[in-house]
Amino acid sequence: MRKSVVCFILSSCLLFLNSCGQSPEQNAKKGTTSTNSSVSSIEKSEPVYGGRLILPLGSDPINLIPPLSTDSESSTIESKLFVSPLKYNKDIELVPEAAKSFEVLNGGKLLKFTLRDDIRWTDGVPLTAEDVEFTYKMMIDPKTPTAYASDYQNIKEFRLTGKYSFEVTYDKVFARSLVTWALPIMPKHLLEHENLTETRFARAPIGAGPYTLKEWIPGQRVVLEANDDYFEGRPYIDEIVYRIIPDTSTQFMELKTGKLDAMGLTPQQYLFQTKGKSWEKDFQKFKYLSFGYAWLGYNLDRPMFKDIRVRQALTYAINKEEIVKGVLLGLGYPAVGPYKPGTWVYNTKLVPYGYHPDKAKKLLKEAGWSDTDGDGILDRNGVPFSFTILTNQGNSLRIKSATIIQNRLKDVGIDVKIRTVEWAAFINEFVNKGQFDVILLGWTILQDPDIYDVWHSSKAVDGGLNITKYRNSEVDELLERGRTTLDQAERKKIYDRIQEILYKEQPYCFLYVPMALPIYKSRIKGLKIEPAGLDYNANSWWIPKASQTKIRMQQ
């Protein structure tokens with residue numbers, strides 16, 4: 001976590017793989033900037049209904065059933081279609097959404113919820129506590145192919161207490177208990193008798209959120225239409241059109257010609273290609289440290305990556321500062337672990353490995369790798385040290401990062417090839433099936449520090465989020481303990497220790513935390529940076545009548 005405008009979504013509950021180069025899910029107020037001062041205060045004119053917002057997606061969504069999707073494109077669409085008992089507000093605090101109220105009792109072991117009674121699925125059927133119960137049972141069903149079951153599996157008992165109320169009990173304190181109920185509710189009447197892996201609901205979902213799915217033309221666009229019956233009030237903007245544009249350069253050309261209203265800029269575009277009076281007049285730019293990081297992950301089932309010295313050597317051989325300066329143009333920071341710098345859980349005692357090719361060569365030699373045939377490539381037992389970095393198409397930052405890594409590893413005698421694959425095939429055929437040597441990807445960084453789904457040994461299965469198949473018994477025990485206390489000081493100790501282990505064992509080379517660099521047309525009103533980023537109040541964005549001209553979409 002979960003990322004193009006797709007990255008603007010707030011993804012604090014689930015981890016999402018990001019197809020885009022930046023990950024602006026959330027930000028801290030400190031250090032946030034906007035180049036258009038008019039967006040930093042509430043607009044003086046009154047909001048009006050109407051208009052169309054055109055945004056890019058890096059690829060088609062993979063699956064629009066939230067429990068089954070792990071990609072940020074799917075999450076972007078789902079966030080507009082579905083609702084949850086709880087949600088995050090602008091200050092990243094859990095507050096009621098579908099819930100009317102909730103109580104935390106018995107030291108956190110008992111949760112009581114009362115739902116609103118005015119929410120309807122967009123086919124007119126009321127949303128009730130039975131839908132929440134159905135969602136819970138679906139999530140704990142072993143036949144449900146979800147990466148997010150563990151939150152629900154910690155529940156001792158789910159009990160309906162009325163048509164619009166339910167309560168949940170836990171054997172012991174579960175730190176993510178409230179976060180669990182910020183996950184989307186699924187419609188019982190539509191999915192109860194469906195095979196989740198085959199249902200047409202995955203491509204034609206019916207939700208209860210602010211928008212409905214109007215059209216999905218694969219490879220071209222996904223069109224959402226405002227839900228007139230949305231219980232929190234109809235969104236001001238009539239339509240949101242997500243155009244499928246994998247390449248950020250193409251997105252930028254479409255932005256300049258008026259065929260897009262927003263995108264996530266690359267550092268080059270932000271610093272050098274969006275300057276001048278016309279840009280300042282027609283656009284509003286933002287910059288803040290994203291809740292996301294890029295990482296180079298090793299398939300730990302491959303023999304060459306099993307030795308900790310090899311993985312440490314790779315980190316010493318990769319110049320992260322060079323990547324931050326050369327690829328991000330200084331708009332980001334080298335990453336040390338899986339948390340965002342400046343947050344309470346971040347371990348400030350860990351010092352970056354730094355760029356030390358001599359240390360890398362020494363460690364590789366200790367691990368048995370040497371150039372026995374004089375061809376410039378290290379080998380061991382007759383096998384050359386050669387592998388392929390796999391990443392997704394259209395992501396210039398990752399491709400440039402991979403090229404720098406390729407050159408630096410060549411300097412220490414490692415042969416690296418780079419392969420890019422279209423996003424859906426990348427996830428379905430390679431990532432989910434473990435068919436890779438090394439992958440270059442991005443995760444969203446969650447608000448809660450629990451990273452059980454990515455690092456626990458039980459998740460090191462095909463389709464699980466422990467993609468690199470990392471297994472460590474101490475990390476498992478710590479992850480389990482971290483979920484069973486609400487005391488932040490105690491959790492700090494636990495997650496500091498987890499970071500120390502990951503720092504030493506380097507199952508990933510944690511590369512960088514980028515700045516989020518979204519840009520929007522000035523005609524889009526109501527945007528304001530808060531700790532939750534920009535998308536937290538998207539239903540309140542609006543377009544003045546004079547700017548509501550609709551561009552004809554190509555068939």
Side-chain angles (χ1 to χ4, degrees), residues 3-9 18-24 34-36 39 51-61 71-74 76-77 80 211 214-225 237-287 392-400 420 422-424 514 516-525 527 534-535 538 541 543-544 547-555:
K3 9 211 324 102
S4 68
V5 170
V6 62
C7 299
F8 301 174
I9 182 171
N18 304 331
S19 71
C20 62
Q22 300 164 18
S23 196
S34 167
T35 59
N36 187 332
V39 302
R52 172 189 289 159
L53 180 63
I54 306 177
L55 309 174
L57 273 185
S59 72
D60 276 297
D71 63 300
S72 59
E73 281 77 3
S74 297
T76 297
I77 305 301
K80 305 293 185 185
Y211 285 86
K214 179 180 179 180
E215 179 183 57
W216 181 358
I217 301 178
Q220 294 187 38
R221 62 180 176 264
V222 178
V223 182
L224 305 184
E225 188 172 48
I237 296 175
D238 284 349
E239 276 189 355
I240 303 178
V241 178
Y242 294 95
R243 294 182 55 202
I244 313 302
I245 308 176
D247 182 68
T248 52
S249 296
T250 305
Q251 290 180 16
F252 189 63
M253 288 190 291
E254 296 291 271
L255 181 79
K256 289 195 294 183
T257 57
K259 297 178 182 178
L260 284 177
D261 287 313
M263 67 173 288
L265 296 173
T266 66
Q268 176 78 19
Q269 292 163 349
Y270 180 89
L271 291 173
F272 304 112
Q273 296 173 254
T274 52
K275 285 189 171 184
K277 290 184 179 179
S278 63
W279 283 99
E280 292 175 5
K281 174 179 176 291
D282 296 333
F283 293 89
Q284 44 193 318
K285 290 164 57 176
F286 302 87
K287 179 179 72 172
N392 57 293
Q393 291 177 356
N395 190 308
S396 61
L397 299 186
R398 290 182 191 158
I399 295 169
K400 290 176 183 177
T420 61
E422 182 272 329
W423 180 248
L517 305 170
I519 185 170
Y520 282 82
K521 286 282 189 68
S522 294
R523 75 187 188 101
I524 312 301
K525 307 299 182 182
L527 280 73
L534 286 173
D535 200 56
W541 296 354
I543 302 171
S547 302
Q548 288 183 12
T549 54
K550 290 187 176 181
I551 299 171
R552 183 177 179 273
M553 291 186 294
Q554 295 180 347
Q555 299 300 316

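Partners of W279 under the side-chain hydrogen bond (donor to acceptor under 3.5 Å, both in side chains) rule, at least two apart in sequence or in another chain, do not exist in this structure. Residues meeting the salt bridge (Lys or Arg N to Asp or Glu O under 4.0 Å) test with K256, sequence neighbours left out: none. The side-chain hydrogen bond (donor to acceptor under 3.5 Å, both in side chains) check on K275 picks up nothing, with sequence neighbours excluded. Under the side-chain hydrogen bond (donor to acceptor under 3.5 Å, both in side chains) criterion, Q268 pairs with no residue at all, not counting sequence neighbours. By the side chain to side chain contact (heavy atoms under 4.5 Å, CB included) test, T420 pairs with T391, Q393, I399, sequence neighbours left out.
When all heavy atoms of R243 and K259 are compared, the closest pair comes out as NH1-O, 3.3 Å. Taking both residues in full, the closest heavy atoms of D247 and T250 are given as OD2-N, 3.0 Å, listed atom of the first, atom of the second, then distance. Closest heavy-atom contact between P61 and D71: CA-OD2, 4.1 Å. The heavy-atom pair separating P56 from A262 by the smallest distance is CD-O, 3.1 Å. Residues P518 and L534 come closest through the heavy atom pair CG-CD1, 3.7 Å.
By the 4.5 Å heavy-atom criterion applied to side chains, E254 and M263 are not counted as neighbours. Within the 4.5 Å cutoff, no side-chain heavy atoms of F252 are placed close to those of I519. Inter-residue side-chain proximity for E422 and P246 is flagged as unmet; no heavy-atom pair is nearer than 4.5 Å. Side-chain contact check for K525 versus W541: every heavy-atom pair is 4.5 Å or farther apart. Looking at heavy atoms from C-beta onward, I543 lies in side-chain contact with I524 at the 4.5 angstrom threshold. Counting heavy atoms from C-beta on, the side chains of L260 and I245 come closer than 4.5 Å.
Note that CD1 of I54 is 11.5 Å distant from CD1 of I240, once rounded to the nearest 0.5 Å. Taken to the nearest 0.5 Å, the CD atom of Q251 stands 9.0 Å off from the CG atom of L57. Atoms OH and CD1, on Y242 and I77 in that order, are 5.0 Å from each other to the nearest 0.5 Å. One finds the NZ atom of K285 at 7.0 Å from the CG atom of L271 (value rounded to the nearest 0.5 Å). Between the CZ atom of F286 and the CG atom of L517 there is a distance of 12.0 Å, given to the nearest 0.5 Å. Rounded to the nearest 0.5 Å, atoms CZ (F283) and NZ (K521) are 5.0 Å apart.
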ask   = Are W423 and I244 close enough, and set up right, to give a side chain to side chain contact (heavy atoms under 4.5 Å, CB included), and what steps lead you there?
value = CA-CA 11 Å; W423 180 248; I244 313 302; over 6 Å; no
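The side-chain contact (heavy atoms from CB on, under 4.5 Å) with T266 is formed by just one residue from the set P514, S396, S249; it is S396.
S522 places a side-chain N or O within donor-acceptor distance of the main-chain N or O of D282, the cut-off being under 3.5 Å.
The existence of a salt bridge linking D535 and K80 is confirmed by a sub-4.0 Å separation between a basic side-chain nitrogen and an acidic carboxylate oxygen.
One side chain, D60 or W216, offers a donor N or O that lies under 3.5 Å from an acceptor on the other.
Under the salt bridge (charged side-chain N to carboxylate O under 4.0 Å, His left out) criterion, the residue pairs touching residues 260-270 are D261-R523, with sequence neighbours excluded.
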